[in-house]
Amino acid sequence: MNVADTIAHHILDHNWGITLGGISLPITTHSVIIFSVSVVLLCLLAWISRPHTSRAGRLLTTLLEEYVSFIRDGLVLPNMGAEGKGFLPYFCTLFLFILSVNLAGMIPGLKTATSNISVTAALALCSGGIILYSGLKFHGVIGFIKGFVPSGTPMWLVPLIFPLEVISTVIKVCVLAIRLFANMLSGHMVLICLLLIIFIVGQMKFSAGVLSVFPAMGLEIFMTCLELLVAFLQAYVFSLLTAIFAGSVIHTH
């Protein structure tokens, strides 16, 4: 197996091709990971939300309350104002889900589903739905459409400004998908390539391959720590940008 095949095996999604009753079910590795993470989160959060008498249970409940406060006071209210309180459950779910999927990809044997553009596109469409719903809820259809034209714009510029504003909104949603996908994919490709350096150099000369283990593994450990930071950072950035874009629709020009 060459380098390209090795990278593709660890990065690309794999369709298991399950067919039931003549209907093909698109069950893939990434969809199984997403489903598994969702079930684990549902069970864990349902257990944490119950009243606890043990010290560990109360500690987890306190951490969950602090997490909700962080999302509310750090993301939603500063960017969406008081109108964003109703969207707090979505942002709490969004951040925790993306973070959990990102971290699941760091477990040996598992893959990062957020390195799949289809997954990040679905998440971006959900955020796009929140942005659209925010504008329609607080401004109505007419007011939402008027929001695409800044106040004070000359009438002769409206035919030019309006489509540009609409396109910019669509681009914002696309940026959410591409940003998360590119960062998670590139990080894992770097980790794999650092490991492959050992085997590539070893094929040329065994002694050189042995010596390359030490710098390669040092870089691997450093990049793994950096990738853990990126997992948190990308979940935060995705949620933050969603709140900013939704807030810009709620509080128009």
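Smallest separation of non-hydrogen atoms from Lys85 and Val76: N-CG1, 4.3 Å. Contact detail for Ala113 and Ile34: the closest heavy-atom pair is CB-CG1, 3.7 Å. Here the closest heavy-atom approach between residue Val249 and residue Ser134 is recorded as CG1-C, 4.5 Å. Closest of all the heavy-atom pairs between Lys172 and Ser248 is NZ-OG, 4.1 Å. Shown here for Ser118 and Asn116, the closest heavy-atom pair between the two residues is N-OD1, 2.9 Å. Ala246 and Met80 make their closest contact through CB-CE, 3.8 Å (heavy atoms, listed as atom of the first residue, atom of the second, distance).
The environment of Phe35 atom CZ is sparse: at most 12 non-hydrogen atoms of other residues, nucleotides or ligands sit within 6.0 angstrom. Shown here is Phe144, whose CZ atom has more than 12 heavy atoms of other residues, nucleotides or ligands within 6.0 Å. With a 6.0 Å radius and a threshold of 12 heavy atoms from other residues, nucleotides or ligands, Phe232 has its CZ atom at or below the threshold.
Taking CG of Leu136 as the start and OH of Tyr133 as the end, the distance is 9.5 Å to the nearest 0.5 Å. For the atom pair CD (Glu227) and OG1 (Thr112), the distance works out to 7.0 Å, reported to the nearest 0.5 Å. Taken from CG in Asn79 to CD1 in Ile244, the straight-line distance is 5.0 Å, to the nearest 0.5 Å. Note that the OG atom of Ser38 and the CD1 atom of Ile33 stand 11.5 Å from one another [nearest 0.5 Å]. Expressed to the nearest 0.5 Å, how far CD of Glu165 lies from CD1 of Ile145 amounts to 14.0 Å. Atoms CD1 and CG, from Ile48 and Leu41 in turn, are 9.5 Å apart once rounded to the nearest 0.5 Å.
In terms of hydrophobic clustering, with Ile, Leu, Val, Met, Phe, Trp and Tyr side chains grouped at heavy-atom distances under 4.5 Å, Leu60 and Val40 are assigned to different clusters. The hydrophobic cluster containing Val37 also contains Leu44, counting ILVMFWY residues as joined when their side-chain heavy atoms lie under 4.5 angstrom apart, directly or transitively. Hydrophobic clustering of Ile, Leu, Val, Met, Phe, Trp and Tyr side chains at less than 4.5 Å, counting indirect connections, unites Val141 with Leu132. Under a hydrophobic clustering in which Ile, Leu, Val, Met, Phe, Trp and Tyr are joined whenever their side-chain heavy atoms come within less than 4.5 Å, directly or via other members, Val68 and Leu63 fall into the same cluster. Both Phe70 and Tyr90 are part of a single hydrophobic cluster, where members link through side-chain heavy atoms under 4.5 Å apart.
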Start with the C-alpha distance between Ile178 and Thr120, add both sets of side-chain angles, then the distance that settles side-chain contact (heavy atoms from CB on, under 4.5 Å), and finish with yes or no.
CA-CA 7 Å; Ile178 296 174; Thr120 59; over 6 Å; no
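Within the structure, ring pair (Phe, Tyr, Trp, His ring centres under 6.0 Å) pairs that include any residue of residues 103-122 do not occur (at least two apart or interchain).
Counting heavy atoms from C-beta on, the side chains of Lys146 and His139 never come closer than 4.5 Å. The shortest distance between side-chain heavy atoms of Val173 and Phe245 does not fall below 4.5 Å. The shortest side-chain heavy-atom distance between Phe148 and Ser168 does not fall under the 4.5 Å cut-off. Ile71 is listed as a side-chain neighbour of Tyr67, based on a closest heavy-atom distance under 4.5 Å.
Counting side-chain heavy-atom gaps under 4.5 Å among Ile, Leu, Val, Met, Phe, Trp and Tyr, the cluster of Leu160 also holds Trp156, Leu157, Ile161, Leu164. Cluster partners of Ile167 are Ile171, Val175, counting Ile, Leu, Val, Met, Phe, Trp and Tyr whose side-chain heavy atoms approach within less than 4.5 Å, directly or via other members.
Without hydrogens or angle criteria, Thr28 side chain to Ser31 main chain gives a donor-acceptor distance under 3.5 Å.
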Can you give the donor-acceptor pairs under 3.5 Å from side chains of residues 95-105 to other protein atoms, not counting sequence neighbours?
residue : atom : partner : partner atom : Å
Ser100  : OG   : Leu96   : O            : 2.7
Asn102  : OD1  : Thr114  : OG1          : 2.5
Asn102  : ND2  : Ile98   : O            : 3.3
Asn102  : ND2  : Ala231  : O            : 3.2

Would you mind writing out the side-chain donor-acceptor pairs for residues 234-242 within the sub-3.5 Å range, not counting sequence neighbours?
residue : atom : partner : partner atom : Å
Ser239  : OG   : Ala235  : O            : 3.0
Thr242  : OG1  : Ser127  : OG           : 3.2
Thr242  : OG1  : Phe238  : O            : 2.8

In a table with atom names and distances, give each donor-acceptor pair under 3.5 Å that connects a side chain of residues 179-187 to protein atoms at least two apart or in another chain.
residue : atom : partner : partner atom : Å
Asn183  : ND2  : Arg179  : O            : 2.7
Ser186  : OG   : Ala182  : O            : 2.8
Ser186  : OG   : Asn183  : O            : 3.1

